[in-house]
Number of protein chains: 2
Amino acid sequence: MTPRMADNVREALEQMIVTGEYADGERLDEIRLAERFHVSRTPLREAFQMLAASGLVELLPRRGAFVRHPAFPEMIEMFEVMAELEAVCGRLAARRVTPEVLEQVRATVIACEAAAHAGDSDGYYRENEHFHHLIYTASGNDFLAAEARRLHKRLQPFRRMQLRVRGRMIQSLAEHRQILTALETGDSPTAEATLRDHVAVQGARFNDLMASYKQSNLRANPPPVALRG
Amino acid sequence: MTPRMADNVREALEQMIVTGEYADGERLDEIRLAERFHVSRTPLREAFQMLAASGLVELLPRRGAFVRHPAFPEMIEMFEVMAELEAVCGRLAARRVTPEVLEQVRATVIACEAAAHAGDSDGYYRENEHFHHLIYTASGNDFLAAEARRLHKRLQPFRRMQLRVRGRMIQSLAEHRQILTALETGDSPTAEATLRDHVAVQGARFNDLMASYKQSNLRANPPPVALRG
DNA sequence: AATGGTATTCTTGTATACAAAAAGTTTGAC
DNA sequence: GTCAAACTTTTTGTATACAAGAATACCATT
């Protein structure tokens with residue numbers, strides 16, 4: 001499907017970074033990675049460019065490519081934007097969602113609940129992802145949906161952290177139900193507010209996330225020093 | 001400041017595309033551009049990657065790089081997202097804006113009015129840009145501000161179109177005043193709503209924009225055909 | 001031992017070379 | 001005259017070569 005090596009490499013690196021295989025500030029060695037993927041430096045550098053564009057790595061001129069996990073304050077900022085994007089998606093979706101997509105949302109909420117009750121946290125994670133992507137689609141604004149997916153992916157490592165927090169799953173399920181109902185009844189304000197709160201990092205969740213963040217291996221290495229002149 | 005040729009090329013191409021020098025669907029010839037910029041294909045291809053990441057060009061595998069001006073429906077979608085982003089910026093800014101930034105907003109509103117009354121449309125355009133960037137900054141969320149700036153830039157060619165519409169400047173000025181007042185008084189809902197309406201494409205503005213779009217040279221060429229298989 | 005300067009090694013950025021795919025052209029059959 | 005198949009040209013994607021900047025090691029001096 002994708003005949004370009006650069007795209008394969010990007011995808012592989014993206015997965016490695018997003019799953020936390022690399023710590024923050026770690027340098028991506030062109031030569032070693034080229035050998036590892038059996039390609040030359042050229043497609044590798046193209047992959048670096050793409051990763052830099054989506055914010056996963058930072059390209060320091062004449063220094064190299066460094067994995068860039070957001071620091072805690074930046075992560076909070078990103079969640080704030082994510083919450084607002086989802087809120088907008090929800091508001092629009094309540095007015096625009098098609099019966100087909102609404103049916104898919106319904107099915108996904110049920111699948112989520114099933115996974116939760118079965119204690120299948122991987123399944124829950126997957127269905128939860130699906131739920132949110134459907135909300136983006138339901139907004140009826142393809143550009144908005146694409147932007148939301150982009151940020152969603154970028155927050156993936158942190159969302160995994162958050163999932164570990166006890167009791168989160170049950171509350172999350174209830175919120176999914178609420179959102180579904182709001183979409184079914186065309187209740188824009190409720191869909192908007194519920195989705196915002198669903199995603200927002202506030203109250204006790206803030207502390208949970210902070211604790212997880214500190215424990216995570218995402219910030220093991222110091223970021224490279226940006227030289228002046 | 002930027003010793004990388006690839007970055008220079010990207011910036012140059014970005015300006016050329018954004019100012020409408022290339023029509024939609026136009027192919028960017030690696031070899032000719034390389035000669036024109038006196039660089040090899042390598043930095044040029046890096047520039048293409050970056051432009052593709054920000055959505056200004058589309059990279060068709062084995063086909064080349066094509067300038068990608070959004071079609072009308074996509075442009076409307078983008079404006080919808082822009083309106084929501086600015087609305088969020090406004091809501092947050094009303095609560096978080098620092099006295100320093102607020103003072104800058106005030107100065108910019110005045111400069112905007114001065115330019116408008118002097119009939120200096122270039123100056124008005126510049127100050128208007130400044131105004132919106134300040135709103136992004138005032139949100140206190142650097143990530144949000146960066147995202148807003150990114151989309152703002154992407155919409156630049158269309159904003160220029162919009163400016164031609166008669167009477168738009170006077171209404172715009174009044175809205176700036178309203179927004180400033182909302183920030184000064186910490187009135188989040190008003191800041192949010194006014195900014196959304198300020199940016200949103202609706203009512204008569206929709207028709208104005210559509211007319212401008214049809215007249216523009218942005219869609220002169222047909223987009224490249226995406227081959228299957 | 002610590003510091004500063006210099007030489008060496010590594011790494012990045014760019015140019016070029018080459019292979020493979022797409023586009024374009026010519027030729028031939030009907 | 002039209003269509004299609006084979007051939008040619010062009011263009012992209014990747015590998016490699018080379019130049020210049022950054023990092024490192026080494027040595028001299030204090």
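In what follows, chains carry the letters A, B, and so on, assigned in the order in which the sequence lines appear, proteins first and then strands, with residues in each chain numbered from 1.
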> Closest to the A/Arg63 side chain: D/dA23, C/dT12, C/dA22?
Replying inline: D/dA23
>> How many whole angstroms separate atom CG of A/Leu60 from atom P of D/dG21?
In response: 17 Å
>> Distance check needed: D/dA20 P versus B/Met5 CE, whole Å only.
In response: 13 Å
> Shortest non-hydrogen contact from B/Ala6 to B/Ala47?
Replying inline: O-CB, 3.8 Å
Contacts under 3.5 angstrom, residues 29-38 of chain A side chains, donor-acceptor by atom type, not counting sequence neighbours:
residue, atom, partner, partner atom, Å
A/Asp29, OD1, A/Ile31, N, 2.9
A/Asp29, OD1, A/Arg32, N, 3.1
A/Glu30, OE1, A/Arg41, NE, 2.7
A/Glu30, OE1, A/Arg41, NH2, 3.2
A/Glu30, OE2, A/Arg45, NH1, 2.8

>> Any non-hydrogen side-chain atom of A/Glu84 less than 4.5 Å from a side-chain atom of B/Leu85?
In response: no
> Taking CZ from B/Arg4 and P from C/dT11, how many angstroms apart are they, rounded to a whole number?
Replying inline: 18 Å
> Do you know the tightest heavy-atom contact between B/Leu59 and B/Ala65?
Replying inline: CD1-CB, 3.5 Å
> With A/Gln104, which residues qualify under side chain to side chain donor-acceptor pair (under 3.5 Å), at least two apart?
Replying inline: none
> Expressed in angstrom and rounded to an integer, what is the separation of A/Glu30 atom CD from D/dT14 atom C1'?
Replying inline: 14 Å
> Partners of A/Glu86 by salt bridge (Lys or Arg N to Asp or Glu O under 4.0 Å), sequence neighbours excluded?
Replying inline: none
> Is there a residue in residues 43-52 of chain A whose heavy atoms reach under 4.0 Å of DNA chain C, and which residues are they?
Replying inline: A/Arg45
> Rounded to the Å, how far apart are B/His38 NE2 and C/dT14 C1'?
Replying inline: 16 Å
> Parallel, tilted or perpendicular for A/His176 and A/Phe131, by the 30°/60° rule?
Replying inline: parallel
> B/Asp29 has an atom CG; how far is it from atom C1' of C/dA22, in whole Å?
Replying inline: 14 Å
>> Once side chain to side chain donor-acceptor pair (under 3.5 Å) is applied, do any residues pair with A/Gln49, and if so which ones, sequence neighbours excluded?
In response: B/Glu46
Using nucleotides 8-10 of chain D, report all nitrogen or oxygen pairs with the protein that are shorter than 3.5 Å.
none

>> Rounding to an integer number of Å, can you tell me how far A/Ile31 CD1 sits from C/dT9 C1'?
In response: 12 Å
> Who pairs with B/Arg154 by side chain to side chain donor-acceptor pair (under 3.5 Å), at least two apart in sequence or on another chain?
Replying inline: none
> Does A/Glu192 have any salt bridge (Lys or Arg N to Asp or Glu O under 4.0 Å) partners at least two apart in sequence or in another chain, and if so, which?
Replying inline: A/Arg91, A/Arg196
Using nucleotides 16-21 of chain C, report all nitrogen or oxygen pairs with the protein that are shorter than 3.5 Å.
residue, atom, partner, partner atom, Å
C/dT16, O4, B/Thr42, OG1, 3.4

> What orientation do B/Phe206 and B/Phe72 show, parallel under 30°, tilted 30 to 60°, or perpendicular over 60°?
Replying inline: perpendicular
>> Using the ring-ring contact (aromatic ring centres under 6.0 Å, His included) criterion, which residues pair with A/His130? Sequence neighbours excluded.
In response: none
> What residues form a side chain to side chain donor-acceptor pair (under 3.5 Å) with A/His152, not counting sequence neighbours?
Replying inline: A/Glu129, A/Tyr136, A/Arg159
> Using the C1' atoms of the five pairs at each end, what is the angle between the end axes of the helix from C/dA1-D/dT30 to C/dC30-D/dG1, to 10°?
Replying inline: 0°
> Are A/Glu77 and B/Leu144 close enough, and set up right, to give a side-chain contact (heavy atoms from CB on, under 4.5 Å), and what steps lead you there?
Replying inline: CA-CA 7 Å; A/Glu77 291 188 352; B/Leu144 173 60; over 6 Å; no
> Whole-Å distance between D/dG13 P and A/Arg10 CZ?
Replying inline: 15 Å
